[in-house]
**Student:** 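Sharing a structure with you now.
Residues: numbered from 1 along the sequence shown. We count ligands from 1, going down the list as the structure has it; atoms in each ligand are counted the same way.
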Amino acid sequence: MNLHDLFAIPRLRTPSKSALEFRTGPSAAPRTYSYEALFAAAERLAAGLQARGLQKGERVAFFAGNSPQYVIAWLAVVRFGAVMVPMNTRYRRSELEHILGDCTPRFIITDASLLPLLVDAASGAVHDWLPKSVDKILLTEALHEIEMESAALHLPIVDGDDLAVIMYTSGTTGPSKGAMLTHNMLLATVTALLAAWDWQPSDRLLLVLPLFHVHGLVVGLHCALAAGATTLLRQAFDAHFTTIELLTGSATCFFAVPTIYVRLLDALAARSRAEIKALSAMRLFCSGSAPLAPETFEAFRVCTGHTILERYGMTETGMNLSNPYAGPRVAGSVGLPLPGVSARVVRARDDATGREDVDMGEVGELLIAGANVFAGYWNAPEKSANAFETDGAGRHWFRTGDLARQDPESGYFSLLGRMHDLIISGGFNIYPREIEELLVRYPGIRDAAVVGVADGVWGEHPEAWIVCTEIPNTNDLDAWCRAHMASFKAPHAFHVVDGLPRNAMGKVLKHLLR
Ligand code: MLC
Ligand code: AMP
């Protein structure tokens, strides 16, 4: 079976049922697609893409915001085994150049508003840093123009072990790496979550998360499609609009990152008890992608009566651990392994080979095994090999780099941070070295270290410590950072210091900066 086969079952069972409803604001009318309409459009687009030369195994980069066209294009690509490479719409040249150069896509699908980042507005030529592999740049707004009769579609065999998605993730070592996600791996997460969270065809998922990450795409869209449920897709999270929809709409499920819950609590504070009572029609609020503060968990419970279900996953593994749907959901914990997932906590060391398990209750590195685990990093056999270790029985375990502890009584897992210095801000990963490498290119900056600092809304934000030969104007430096990389990576503060504390190996002692 492949992903398309699973998603297409509701098309056979309930063709006229609403699969996707897209709205751009509280007063905008929804654009609704039945299961039949959605999949028929995807088939026509698949035929059109194939007629333009796209073949199984070739990459299609998606640089676009949430829209029905995005979903249709994804279903078209998956239909005949081409590979989707989703990219964050906040990325700018340095990130785009790296990802596109690495995955060498045949086509790029983008929105008209993002096109100037890829194509020179004056000449209409693609920027010279785009890889030569790029044959066409297609606009989401014009995709319907290339649809063809689906009878023209020639379907190759698409197997569960074929690649479906290459998703770039910051990781902790070096530039972002393309995690190779097969159909089977994505199916493993979907089938585990369908059972674990009791997904029903009657569910209506309010989806405000971006489709370019695992949380929005796999936990959200894929599960809703496979369940035969309805996705209420929105362009992005907007505290005002989302609050109105939750209080007055028909959603039953809502998935978010902790930053969104913090903002929702602010918005709900202005609402009356009677208004908030409408939330009792919701069946499930989930949180993931970053730690949910116990204070937010508790404040949400007091405000709404709902206990958020926190779960833990990664780009490389899909979903791993989850609090139970029908059992105690514990603040500060990510629960138990999902069906089909194995988890171990081992001694946290960098020389990772055949490490022993820690005793229950002790902290160590979390290792994961199961059909949900990825197939390695694209074009990076050495990094792929380093991401796994093998136990005495010959089983391969993925090294998450997350520190965890298992409660001796309940068996629930808690996460205690990361082994390396990845920053997670509002659910987006920020790799400090990428910012450090950029900062030292700025005139007058000789050395730089970037550290994650606790932040009530974002979870963490980056701050930079810089050693200068000439002290920069902070506003200019900030503008320069935003011009060169996604703005969420721009340090919130620049601290000018005479030197950075380093150990004997020359490694910056970041805990001292913190
Ligand atoms: C936006 N901004 C951020 C930010 N998102 N800053 C820090 N961290 C973030 N995450 C900044 C922008 O750069 C901009 O800055 C300003 O906020 C306004 O931009 P915006 O686009 O209007 O922001 P907003 O829409 O409010 O976005 C906030 C958010 C968004 C929380 C809704 O970040 C988001 O959708 N996060 C979800 C990420 C996600 O889905 N992660 C899943 C990863 S998968 P300025 O200064 O230029 O104005 C994964 C596996 C798993 O981790 O387990 O799920
Ligand atoms: P990504 O590489 O974007 O997939 O991010 C994966 C990382 O997000 C994990 O390795 C964790 O560090 C973090 N993460 C995901 N879910 C949670 C959670 N519920 N609590 C804490 N951290 C989480």
**Student:** Under 4.0 Å from ligand 2, counting heavy atoms only, is it the side chain of P291, its backbone, both or neither?
**Tutor:** both

**Student:** What I want to check is whether the side chains of T104 and R59 have a donor and an acceptor closer together than 3.5 Å.
**Tutor:** yes

**Student:** Of all the non-hydrogen atoms in the protein, which one sits nearest to atom 29 (C) of ligand 1, and at what distance?
**Tutor:** W458 CZ3, 4.5 Å

**Student:** Give a yes or no on whether a salt bridge exists between E298 and R301, defined as a side-chain N under 4.0 angstrom from a carboxylate O.
**Tutor:** yes

**Student:** Do the charged groups of E437 and R441 touch, with an N to O distance under 4.0 Å?
**Tutor:** no

**Student:** In Å, rounded to the nearest 0.5 Å, how long is the span from CG of D111 to OG of S67?
**Tutor:** 6.0 Å

**Student:** Note the single closest protein heavy atom to atom 48 (O) of ligand 1, along with its residue, its atom name and the distance in Å.
**Tutor:** R482 NH1, 4.4 Å

**Student:** What protein heavy atom is closest to atom 37 (C) of ligand 1, reported as residue, atom name and distance in Å?
**Tutor:** G426 O, 3.5 Å

**Student:** Once you restrict to heavy atoms under 4.0 Å, what part of H213 touches ligand 2? Side chain, backbone, both or neither.
**Tutor:** neither

**Student:** E310 heavy atoms, cut-off 4.0 Å: which ligand 2 atoms fall inside?
**Tutor:** 18 (C), 19 (N), 20 (N)

**Student:** Quick check for you: to the nearest 0.5 Å, what is the distance between F413 atom CZ and Q406 atom CD?
**Tutor:** 3.5 Å

**Student:** Angle class for the F300/F285 ring planes (parallel below 30°, perpendicular above 60°, tilted otherwise)?
**Tutor:** perpendicular

**Student:** So, is T315 polar-close to ligand 1, with some N/O to N/O distance under 3.5 Å?
**Tutor:** no

**Student:** Which one of A290, G459, A404, G288 has a non-hydrogen atom at the shortest distance from atom 18 (C) of ligand 2?
**Tutor:** A290

**Student:** So for ligand 1, is M319 a polar contact partner (N or O within less than 3.5 Å, distance only)?
**Tutor:** no

**Student:** Is H461 touching ligand 1 with its side chain, its backbone, both, or neither, if touching means heavy atoms under 4.0 Å apart?
**Tutor:** neither

**Student:** Are any of the protein's heavy atoms under 4.0 angstrom from atom 45 (P) of ligand 1, yes or no?
**Tutor:** yes

**Student:** Side chains of N2 and D162 only: does a donor on one sit below 3.5 Å from an acceptor on the other?
**Tutor:** no

**Student:** So, is H213 polar-close to ligand 1, with some N/O to N/O distance under 3.5 Å?
**Tutor:** no

**Student:** For ligand 2, which atoms sit closer than 4.0 Å to a heavy atom of T169?
**Tutor:** 2 (O)

**Student:** Regarding D476 and Y442, do their side chains bring together a donor and an acceptor under 3.5 Å, going by distance alone?
**Tutor:** no

**Student:** Quick one: are D161 and N184 in side-chain contact, heavy atoms under 4.5 Å?
**Tutor:** yes

**Student:** List ligand 1 atoms under 4.0 Å from S425, heavy atoms only on the residue side.
**Tutor:** 7 (C), 8 (N), 9 (C), 10 (N)

**Student:** One residue to check: S487. Relative to ligand 1, which of side chain, backbone, both or neither has a non-hydrogen atom less than 4.0 Å away?
**Tutor:** both

**Student:** For atom 53 (O) of ligand 1, what's the nearest protein heavy-atom neighbour? Residue, atom name and distance, please.
**Tutor:** R311 NH1, 2.8 Å

**Student:** I'd like to know whether NE2 of H492 has more than 12 heavy-atom contacts from other residues, nucleotides or ligands below 6.0 angstrom.
**Tutor:** yes

**Student:** Under a 4.0 Å N-O cut-off, is there an ion pair linking R355 with E389?
**Tutor:** yes

**Student:** I'd like to know if atom 16 (C) of ligand 1 has any protein heavy atom within a distance of less than 4.0 Å.
**Tutor:** no

**Student:** Between V257 and F428, is there a side-chain heavy-atom distance shorter than 4.5 Å?
**Tutor:** no

**Student:** Is there at least one pair of N or O atoms, one from S287 and one from ligand 2, spaced under 3.5 Å apart?
**Tutor:** no

**Student:** Quick one: look up the protein heavy atom nearest atom 38 (C) of ligand 1 and list residue, atom name and how far away it is.
**Tutor:** F428 CE2, 3.3 Å

**Student:** With respect to R311, determine whether any N or O atom, backbone or side chain, lies less than 3.5 Å from an N or O atom of ligand 2.
**Tutor:** yes

**Student:** Heavy-atom distance under 4.5 Å between the side chains of Y431 and S176, does that happen here?
**Tutor:** no

**Student:** Does the pair R329/E310 count as a salt bridge with the N-to-O cut at 4.0 Å?
**Tutor:** no

**Student:** How many angstroms lie between OG1 in T307 and CG in N323, if you round to the nearest 0.5 Å?
**Tutor:** 10.0 Å

**Student:** Is any N or O atom of E316, backbone or side chain, closer than 3.5 Å to an N or O atom of ligand 2?
**Tutor:** no

**Student:** Give the residue and atom name of whichever protein heavy atom lies nearest to atom 26 (O) of ligand 1, and the separation in Å to one decimal.
**Tutor:** R263 NH1, 2.6 Å

**Student:** Less than 6.0 angstrom from the centroid, inside 45 degrees of the normal: does R395 satisfy that with respect to the ring of W397?
**Tutor:** yes

**Student:** Would F212 and W74 satisfy ring pair (Phe, Tyr, Trp, His ring centres under 6.0 Å), going step by step from the backbone distance to the final call?
**Tutor:** CA-CA 11 Å; F212 52 70; W74 163 225; over 10 Å; no

**Student:** Report the part of L422 in contact with ligand 2, treating N, CA, C, O as backbone and CB onward as side chain, heavy atoms under 4.0 Å; options are side chain, backbone, both, neither.
**Tutor:** neither

**Student:** Identify whether NZ of Lys or CZ of Arg in K177 sits under 6.0 Å from the centre of the six-membered ring of Y377 and within 45° of that ring's axis.
**Tutor:** yes

**Student:** May I ask which of L415, D402, L416, L403 has a heavy atom nearer to atom 11 (C) of ligand 2 than the others do?
**Tutor:** D402

**Student:** Can you list the ligand 2 atoms lying under 4.0 Å from a non-hydrogen atom of M314?
**Tutor:** 4 (O), 6 (C), 9 (C), 10 (O)

**Student:** Going by the order shown, which atoms of ligand 1 are within less than 4.0 Å of some heavy atom of H215?
**Tutor:** 42 (C), 44 (S), 54 (O)

**Student:** Under 4.0 angstrom from ligand 1, any heavy atom of K489?
**Tutor:** no

**Student:** Would P210 count as a contact residue for ligand 1, given that I'm defining contact as a non-hydrogen atom of the residue lying under 4.0 Å from a ligand atom?
**Tutor:** yes

**Student:** Nearest to atom 21 (O) of ligand 1, what protein heavy atom do you find, and at what distance?
**Tutor:** R90 NH2, 2.7 Å

**Student:** Counting only heavy atoms, tell me which of I424, L366, N323, N429 gets closest to atom 2 (O) of ligand 2.
**Tutor:** N429

**Student:** Enter the distance from R311:CZ to L321:CG here, rounded to the nearest 0.5 Å.
**Tutor:** 10.5 Å

**Student:** Suppose we measure from atom 49 (C) of ligand 1 to each protein heavy atom; which comes out shortest, and what is that distance?
**Tutor:** S289 OG, 3.7 Å

**Student:** N/O of G313 under 3.5 Å from N/O of ligand 1, yes or no?
**Tutor:** yes

**Student:** Below 3.5 Å, N or O to N or O, backbone or side chain included: is there any such pair between G427 and ligand 1?
**Tutor:** yes

